[in-house]
There are 2 protein chains.
Amino acid sequence: MGEPTEPGPDAAAGRGRAALIEDDVEFDGRDAALLRAVDAAGSVAGAASALGRSRARALSRIEALEDAYGTLVERRRGGEGGGGSRLAASGRDLLDRYDRLQAVLAATAAVPETVLDGTVTAVDGELAVVDTEVGEISGLHGGSDAVGNDGPDRHSEIATGDAVQVRIGADAVTVNDAASAVDPDATSARNRLDGRVSAVDPGETVSTVRIAIGAAEASSDADDPDTEVAALITAESIERLGLAPGDPVSIRWKATATRLVAHAE
Amino acid sequence: MGEPTEPGPDAAAGRGRAALIEDDVEFDGRDAALLRAVDAAGSVAGAASALGRSRARALSRIEALEDAYGTLVERRRGGEGGGGSRLAASGRDLLDRYDRLQAVLAATAAVPETVLDGTVTAVDGELAVVDTEVGEISGLHGGSDAVGNDGPDRHSEIATGDAVQVRIGADAVTVNDAASAVDPDATSARNRLDGRVSAVDPGETVSTVRIAIGAAEASSDADDPDTEVAALITAESIERLGLAPGDPVSIRWKATATRLVAHAE
DNA sequence: CACCGTTGTATCTATGTCGATACAACGGCG
DNA sequence: CGCCGTTGTATCGACATAGATACAACGGTG
């Protein structure tokens, strides 16, 4: 992490934390643990003691969450066992939602990303074209309105001429045999580059393949390192395609899986 | 949001908030705004007053962040103008990292997702096969270790027989002309389903296409609604493929772009 | 009817964070 | 040399959040 402004491929996304937001109330991992504990214990009191936190606070936290998210826990006082609480269906849905968000965030942290610097050459709605060292790439920008960025941050919006970073998740890149080229008009994946496999980082069942772009014809100049794009491929696909370093391949990915982010001036 | 356990396609991802984590210190939007303000004002004092927050606190916050993330701001006291501060290169890198994380989160909130319930039939490392109502789908699970889930949450790990949700981002689904089928051995995208376009939700330049699965041959039974998968497609691709409701298409997406998340029991 | 363990509700205290304020240290500049 | 605006550092009070504690209300059960 020493270079001044050369992210290159595989800049680690790092650890992260995510929370749902509704009505200014955040639903985070602590809340998820609370709901799960209620589900397991069958009572808020039992959940609180299992988590080692105050019962009164846990209850008021649940009430605060319900003000924002609707009914989450069905509580009943009196009756057999003195009463008890059950996770409502909507509470289960909220947990599922949180888990999916968490899964996406975990994926962005675990999956390599390719980051390219470029300049915007055209903007058309939510789509924009960026000129990079490997050619023109189209991708999506914006959408940050939906996150909660009306807050303190807010720095987006892209215009022609802006310096941006292009982010391509390795899980969105499809590797194709260079020989049997698919009909470009028969698919909705439009971003396309040719290159050669430069490395295969093997994983247990999933491997990261690095493709050097622009090395399609001759081997590179050695002192001019090619820019690489990472692709996440199952071991099965690697074997089926017979991928090995040096092989010419064609990679392809959707513009809608490409994110443009304003580069910190 | 009334059904008990039927998420179906397009369950809204909702708003979210993300923060980087290093060494138990969160870097969130407020910190990003602070660094940007320092960059703009040329001093921590100016940044604090521009943001309407305490200068002393802003400085100590920067010090706390630097303990975790390394040098972020180069500060100098005395000299012309009495001193000042500049955003260090690593600070700019951190801002870029944060912006990319934010962009990913914004994307998951803005992009439709298809959620299918299923049962795990096989687990092989980080890859698993899930049986769903539209057939077997393979996807990734886990990776949550990298998020910060050592904390209070922690509920993952998948085994054969588990009930899971399969999450497919609409931005990862490729739509192909059903007629000119690509050679299945020439691509690394292995998940494949056939269906018919059931709806096109037009956007400005990007549209969401819903594909009814299993409706390949006859029109459906009307009282048995097909499960739908959403795909995010540029208007240009829709036109090029000539997509209209009723058209038979083949969709394809990578196993590595498919996330498996444990279903809240 | 009394018992029981839970849900509600209220109050007090501890803790951590933030703003506000004050003051010393620094170093170029007039 | 003194001025200036900044960086450092320390302290105080306001505020929000958490735990701790106490007690009333509830409704099956024995």
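No experiment lies behind these values; they were computed from the predicted model shown. A, B, ... follow the sequence lines: proteins, then strands. Residue 1 opens every chain.
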Novice: B:Ala88: what forms a side-chain contact (heavy atoms from CB on, under 4.5 Å) with it, not counting sequence neighbours?
Specialist: B:Thr71, B:Glu74, B:Ser90
Novice: Could you tell me which residues satisfy side-chain contact (heavy atoms from CB on, under 4.5 Å) with A:Thr121, sequence neighbours excluded, listed by chain and number?
Specialist: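 By the side-chain contact (heavy atoms from CB on, under 4.5 Å) rule, A:Thr121 matches A:Val129, A:Asp131, A:Glu136.
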Novice: Please identify each residue that fulfils side-chain contact (heavy atoms from CB on, under 4.5 Å) with A:Thr119, with sequence neighbours left out.
Specialist: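 Counting only residues at least two positions away or on another chain, A:Thr119 forms no side-chain contact (heavy atoms from CB on, under 4.5 Å).
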Novice: Any side-chain to backbone donor/acceptor pair from A:Asp28 onto A:Arg30? Under 3.5 Å, distance only.
Specialist: yes
Novice: List the atom pairs, donor and acceptor, that lie under 3.5 Å between side-chain atoms in residues 40-53 of chain B and the rest of the protein, sequence neighbours left out.
Specialist:
from    : atom 1 : to      : atom 2 : distance (Å)
B:Ser43 : OG     : B:Gly46 : N      : 2.8
B:Ser49 : OG     : B:Gly46 : O      : 3.4

Novice: Please work out which residues in residues 52-74 of chain B have a non-hydrogen atom less than 4.0 Å from an atom of DNA chain D and list them by number.
Specialist: B:Arg55, B:Ala56, B:Leu59
Novice: With sugar-phosphate meaning primed atoms plus P, OP1 and OP2, does B:Gly79 contact a base, only sugar-phosphate, or nothing at under 4.0 Å between heavy atoms?
Specialist: base
Novice: Relative to the 5' end of DNA chain D, which residue comes earlier, B:Ser43 or A:Gly78, by the nucleotide with the nearest heavy atom?
Specialist: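 Its nearest nucleotide being more 5', the pick is B:Ser43.
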Novice: For B:Val44 and for A:Glu80, find the nucleotide of DNA chain D with the closest heavy atom, then tell me which residue's nucleotide is more 5'.
Specialist: B:Val44
Novice: Return the set of residues passing salt bridge (charged side-chain N to carboxylate O under 4.0 Å, His left out) with A:Glu66 (not counting sequence neighbours), or none when no residue passes.
Specialist: A:Arg75
Novice: Would you please name every residue forming a side-chain contact (heavy atoms from CB on, under 4.5 Å) with B:Arg77, sequence neighbours left out?
Specialist: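 For B:Arg77 there are no side-chain contact (heavy atoms from CB on, under 4.5 Å) partners, ignoring immediate neighbours.
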Novice: Provide the start and end nucleotides, 5' to 3', of the part of DNA chain C that has atoms under 4.0 Å from heavy atoms of chain A.
Specialist: C:dG5 to C:dA10
Novice: Sequence neighbours excluded, which residues qualify as side-chain hydrogen bond (donor to acceptor under 3.5 Å, both in side chains) partners of B:Thr258?
Specialist: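 B:Thr258 satisfies side-chain hydrogen bond (donor to acceptor under 3.5 Å, both in side chains) with B:Trp253 only.
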